[in-house]
Protein chains: 2
Amino acid sequence: MNTDHRSGCPINLSLEVFGDRWSLIILRDMIFGGRRHFREMLNGSIEGIASNILADRLKRLMELGMLTKADDPSHKQKAIYSLTEMAITLVPIMAHLGAWGRVWLPVSEELSIRAELLENGGPPLWERFMDELRHEHLGAAIDQEGPTVRATLQAGYEAVVARKAEAAAG
Amino acid sequence: MNTDHRSGCPINLSLEVFGDRWSLIILRDMIFGGRRHFREMLNGSIEGIASNILADRLKRLMELGMLTKADDPSHKQKAIYSLTEMAITLVPIMAHLGAWGRVWLPVSEELSIRAELLENGGPPLWERFMDELRHEHLGAAIDQEGPTVRATLQAGYEAVVARKAEAAAG
DNA sequence: GCAACTGATTGCAAAATGCAATCGGATTGC
DNA sequence: GCAATCCGATTGCATTTTGCAATCAGTTGC
């Protein structure tokens, strides 16, 4: 891990971690899209990440302690990437970034419904989501009933897509 | 302003705005350091930004609607850069970034005390700070008494510096 | 056996970055 | 009045990072 930093300022150090155009996108897809495998991230990326950039960022995020990699027992060549607690605690930052972007930038309705739901849910929903991620990625115990936060966000997305398709057809 | 985007996802669009190593640093110095002039930002930058990068980012941030530029009446050659509401509403994101960095990254004590105070103050303090910035940069009215938030943060920083100097001397 | 799929790696062109020097005009010190 | 300094940049150039397409060797399904 690289240890020479521009300064010890927390905002600067945070920027040194994900102050580029891809690292947070990869983490977003893992957190909200549930992506765990290289090909999933590569082909599922709506922004169209290149394979060498993806490989480089995954390596970098592992060196920084944001991700871990493990063998997939179902396929000798498959690797499963997992979020660490360090990455899971980015959820509130993602929520704020999404909320800010929804206000000031030309977001599309179907891609911003998740951000809206996350914003409306507030810190309690973020905590519940982080507990789900700890369960999925760290094997932590979980005691929640009902649909998962990710499924709820996904359902919201699909409802918008369906409504827009209906509006276009009818 | 560039209008072709990788996707309409709010997190992606936010990254397209400040997903680089300098834009947020410049905004941080304006917000927390009170910097308004080119030379102030150039010479006061602890991370050592280059003049061409600074000029490029200032221009870019203006095109994106995050900054405005005006003549300084006290000096015909000086330009005063002002934050727009769009940039002022980044304060909560800055606060979260700072809080996250303080937990997970090798921050220095003197440069992270501001982040700690901001985190402890929570959303009410952020709102008060944003009102100060609206007053300074947008000419909005303000009805607050006592020391400014920025002065309070600055006092905290100087207290740490003084304490460390004393500890080193004694 | 062989096509499809796995997580990558390589080569190369283009863009971004870092750094030092410099610009013309404005202001300050004296 | 005049030199030194300060103003917001701009230029040139070497280095680094990025984006894209092609490719790799091992694994799996059939």
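Chain A is the first sequence line, chain B the second, and so forth, proteins listed ahead of strands; every chain is numbered from 1.
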Interatomic distance, [X] [atom1] vs [N] [atom2] [rounded to whole Å]:
X       : N      : atom1 : atom2 : answer
B:Trp22 : C:dA15 : CH2   : C1'   : 18 Å
A:His37 : C:dA4  : NE2   : P     : 22 Å
B:Arg60 : C:dA15 : CZ    : C1'   : 14 Å
A:Leu54 : C:dT6  : CG    : C1'   : 13 Å
A:Ile80 : C:dT6  : CD1   : P     : 13 Å
B:Ile53 : D:dT11 : CD1   : C1'   : 13 Å
B:Glu40 : D:dC7  : CD    : P     : 9 Å
B:Asp56 : D:dG8  : CG    : P     : 17 Å

If you only use heavy atoms from C-beta on, which nucleotide in [options] is closest to the side chain of [X]?
X       : options                : answer
B:Lys78 : C:dT17, D:dT27, D:dC7  : D:dC7
B:Asn52 : D:dG8, C:dG18, D:dT18  : C:dG18
A:Arg39 : C:dG7, C:dT9, D:dC7    : C:dG7
A:Lys76 : D:dT18, D:dT27, C:dT17 : D:dT27
A:Gln77 : C:dG7, D:dA22, D:dA25  : D:dA25

*Residue that, paired with B:Ser82, satisfies side-chain hydrogen bond (donor to acceptor under 3.5 Å, both in side chains) out of B:Glu136, B:Lys69, B:Arg36*: B:Arg36

*C:dG18 OP1/OP2 closer than 4.0 Å to side-chain N/O of B:Arg21*: no

_Donor-acceptor pair, side chain of B:Trp126 and main chain of B:Leu118, under 3.5 angstrom_ = yes

*asked:* Is any side-chain heavy atom of B:Phe18 closer than 4.5 Å to one of B:Leu90?
replied: yes

*asked:* Go nucleotide by nucleotide along DNA chain D from the 5' end; which of A:His75 and B:Ala79 gets its closest nucleotide reached first?
replied: B:Ala79

_Does B:Lys59, at its NZ atom, have more than 12 non-hydrogen atoms belonging to other residues, nucleotides or ligands within less than 6.0 Å?_
no

*asked:* Need one value for B:Lys59: base, sugar-phosphate or nothing, where a base atom within 4.0 Å counts as base even if backbone is also close, heavy atoms only.
replied: nothing

*Do A:Ser14 and B:Trp100 have side-chain N/O donor and acceptor atoms under 3.5 Å apart?*
no

